[in-house]
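Since the structure is predicted, the reported quantities are computational estimates derived from the model, not experimental observations. One-based numbering, in listed order, for ligands and for the atoms of each.
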Amino acid sequence: MSDYPYSLPTHEPQPEENQEQATPAAAAVAGEAPLISYALESFSLNKRYPHRTENALTDLNLQIPEGQVYGLIGANGAGKTTFLKICATLLAPTSGDVKIMGISIKREPDKVRRLIGYVPDEFGLYTEMQVGEYLEFFASCYGLHGKKRTRLVNELLQLVDLADKRKEPLLGMSRGMKQRLCLAHSLLHDPKVLLLDEPASGVDPRARFELRELVRELSRMGKTVVVSSHVLADLEDVCHSIAIIQRGKVVANGTTPEVADSFGGSALRTVTLRVLTRLDLLRAQEAAHNFMQTVSESIVVDEEARRLEVDIEGNEASCADFLSYLNRVGVNVASFGQKAARLEEYFLREESI
Ligand SMILES: Nc1ncnc2c1ncn2[C@@H]1O[C@H](COP(=O)(O)OP(=O)(O)OP(=O)(O)O)[C@@H](O)[C@H]1O
């Protein structure tokens with residue numbers, strides 16, 4: 001196995017990769033419309049578990065372009081884990097197929113395994129080991145020894161921000177840290193496609209923030225990242241595209257605004273604001289009305305907590321504009337947060353029907 005070129009893009013085709021696909025660049029040179037190469041494509045994927053009357057997945061078709069961070073959003077039981085397990089070759093579909101970098105999970109599962117890294121929802125770790133020791137062990141399973149192995153393990157620990165935890169035992173580590181270690185484990189063989197199942201669940205806000213940063217870094221390294229969550233807001237900022245899954249079916253996919261449009265509404269964000277004084281609260285209310293030129297129903301005020309919730313039609317940039325406006329009109333802002341609103345509410349409401 002070659003050394004792990006973390007600092008380099010990892011896009012060179014490997015011998016085992018399907019080389020028949022035309023690359024976008026080659027198509028452009030040939031004067032044709034560039035073809036998109038898909039890191040992951042599913043074809044009429046169906047899964048029914050034994051003794052179940054309903055399918056866990058029904059005719060699921062997804063196309064995930066190479067290099068994207070792609071979010072699978074769905075409530076509990078929607079089928080996210082089933083889909084990711086099938087892509088990871090851990091579960092056989094009832095019918096249909098998935099191709100990873102053009103290679104069928106059914107026909108060539110061994111090749112697919114070399115291309116993917118999978119971090120499950122529930123992970124088992126050897127808790128009696130130390131962090132560094134754990135990665136060294138699995139690196140040696142991949143045939144890496146000596147300085148090469150030490151260098152790779154050091155690079156991965158650095159990447160997942162566990163370098164200073166090298167000597168710590170896994171027993172008692174937080175879920176967030178275990179998850180990052182699991183991610184480092186899944187990267188040992190330099191996979192092109194990463195499948196992360198609910199990495200943001202059960203971790204604190206700081207760990208969620210660090211996770212998003214890590215996913216961005218993996219994307220910069222050229223990896224395709226498929227990541228699932230039941231909370232859109234956890235993924236929205238890092239995903240190029242998302243698919244919303246309900247009862248085993250894709251009900252919408254595309255960029256977040258595209259998905260919001262397909263639900264008949266433009267993107268709406270909820271801004272939560274805390275200000276220093278009661279006077280600031282009054283000023284902030286007025287500023288919100290002026291900024292949005294909108295009706296008061298979209299503003300909720302908590303005088304006791306000096307807190308204001310405002311729904312803003314637009315994206316993150318619109319929220320940043322609102323913050324600048326508040327500063328300009330002299331509102332002393334103590335804290336400012338914003339998250340996706342209507343879309344999230346929409347699909348959760350649909351799920352609970
Ligand atoms: N091993 C199994 N045997 C029978 N049914 C299963 C099995 N695993 C999952 N299911 C069912 O398949 C459907 C999809 O479950 P899946 O775990 O894929 O959903 P999910 O979106 O990942 O949800 P969660 O976030 O709760 O894991 C659910 O109805 C679930 O009960």
> Verify side chain to side chain donor-acceptor pair (under 3.5 Å) between Asn327 and Ser324, making sure each step is shown before the conclusion.
CA-CA 5 Å; Asn327 287 331; Ser324 314; 5.8 Å; no
> Name the closest protein heavy atom to atom 9 (C) of ligand 1, giving the residue it belongs to and the distance to 0.1 Å.
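Among all protein heavy atoms, the one nearest atom 9 (C) of ligand 1 is Tyr49 CE1, 3.4 Å.
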> With a cut-off of under 6.0 Å to the ring centre and 45° to the axis, is Lys47 in cation-pi contact with Tyr49?
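Output yes; distance and angle both within limits.
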> Any donor and acceptor pair, going by atom type alone, linking the side chain of Lys167 with main-chain N or O of Gln130 inside 3.5 Å?
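The answer is no, because no donor-acceptor pair under 3.5 Å joins these two groups.
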> Where does the angle between the aromatic ring planes of Phe291 and Phe322 fall among parallel (under 30°), tilted (30 to 60°) and perpendicular (over 60°)?
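Taking Phe322 first and then Phe291, their aromatic rings sit tilted (interplane angle of 30° to 60°).
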> Enumerate the atoms of ligand 1 whose separation from the nearest heavy atom of Ala56 is less than 4.0 angstrom.
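So the atoms of ligand 1 that pass are 12 (O), 13 (C).
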> With the side chain counted from C-beta on, respond yes when Leu308 and Val275 share a heavy-atom pair under 4.5 Å apart, and no when they do not.
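SC-SC contact between Leu308 and Val275 ruled out.
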> Return the residue, atom name and 0.1 Å-rounded distance of the protein heavy atom closest to atom 30 (C) of ligand 1.
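Going atom by atom, the protein heavy atom closest to atom 30 (C) of ligand 1 ends up being Arg52 NH1, 4.3 Å.
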> So, does Thr58 use its side chain to make a donor-acceptor pair with the main chain of Asn55 at under 3.5 Å?
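Such a contact is absent between Thr58 side chain and Asn55 backbone.
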> Check ligand 1 against Ala78 and write out every atom of the ligand that is under 4.0 Å from a heavy-atom position of the residue.
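The list of qualifying atoms is 19 (O), 20 (P), 21 (O).
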> May I ask you to list the atoms of ligand 1 that are less than 4.0 angstrom from any heavy atom of Thr82?
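Taking each heavy atom of Thr82 in turn, ligand 1 has 14 (C), 15 (O), 16 (P), 18 (O) under 4.0 Å.
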> Do Thr94 and Asn46 meet the criterion of a side-chain donor-acceptor pair at a distance under 3.5 Å?
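No, Asn46 and Thr94 have no side-chain donor paired with an acceptor closer than 3.5 Å.
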> Near Glu198, which atoms of ligand 1 are under 4.0 Å from a heavy atom of that residue?
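Those qualifying, in numeric order: 25 (O).
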> How far is atom 14 (C) of ligand 1 from the closest protein heavy atom, and which atom is that?
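Looking only at protein heavy atoms, the one closest to atom 14 (C) of ligand 1 is Gly77 O, 3.3 Å.
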> How far is atom 27 (O) of ligand 1 from its nearest protein heavy atom, and which residue and atom name does that atom have?
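Here the closest protein heavy atom is Thr81 OG1, 3.3 Å.
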> Heavy-atom contacts with Ala75 under 4.0 Å: which atoms of ligand 1 show up? List them by number with element.
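Those qualifying, in numeric order: 21 (O).
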> Starting from atom 19 (O) of ligand 1, find the nearest protein heavy-atom neighbour and note its residue, name and distance.
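For atom 19 (O) of ligand 1, the nearest protein heavy atom is Gly79 N, 3.1 Å.
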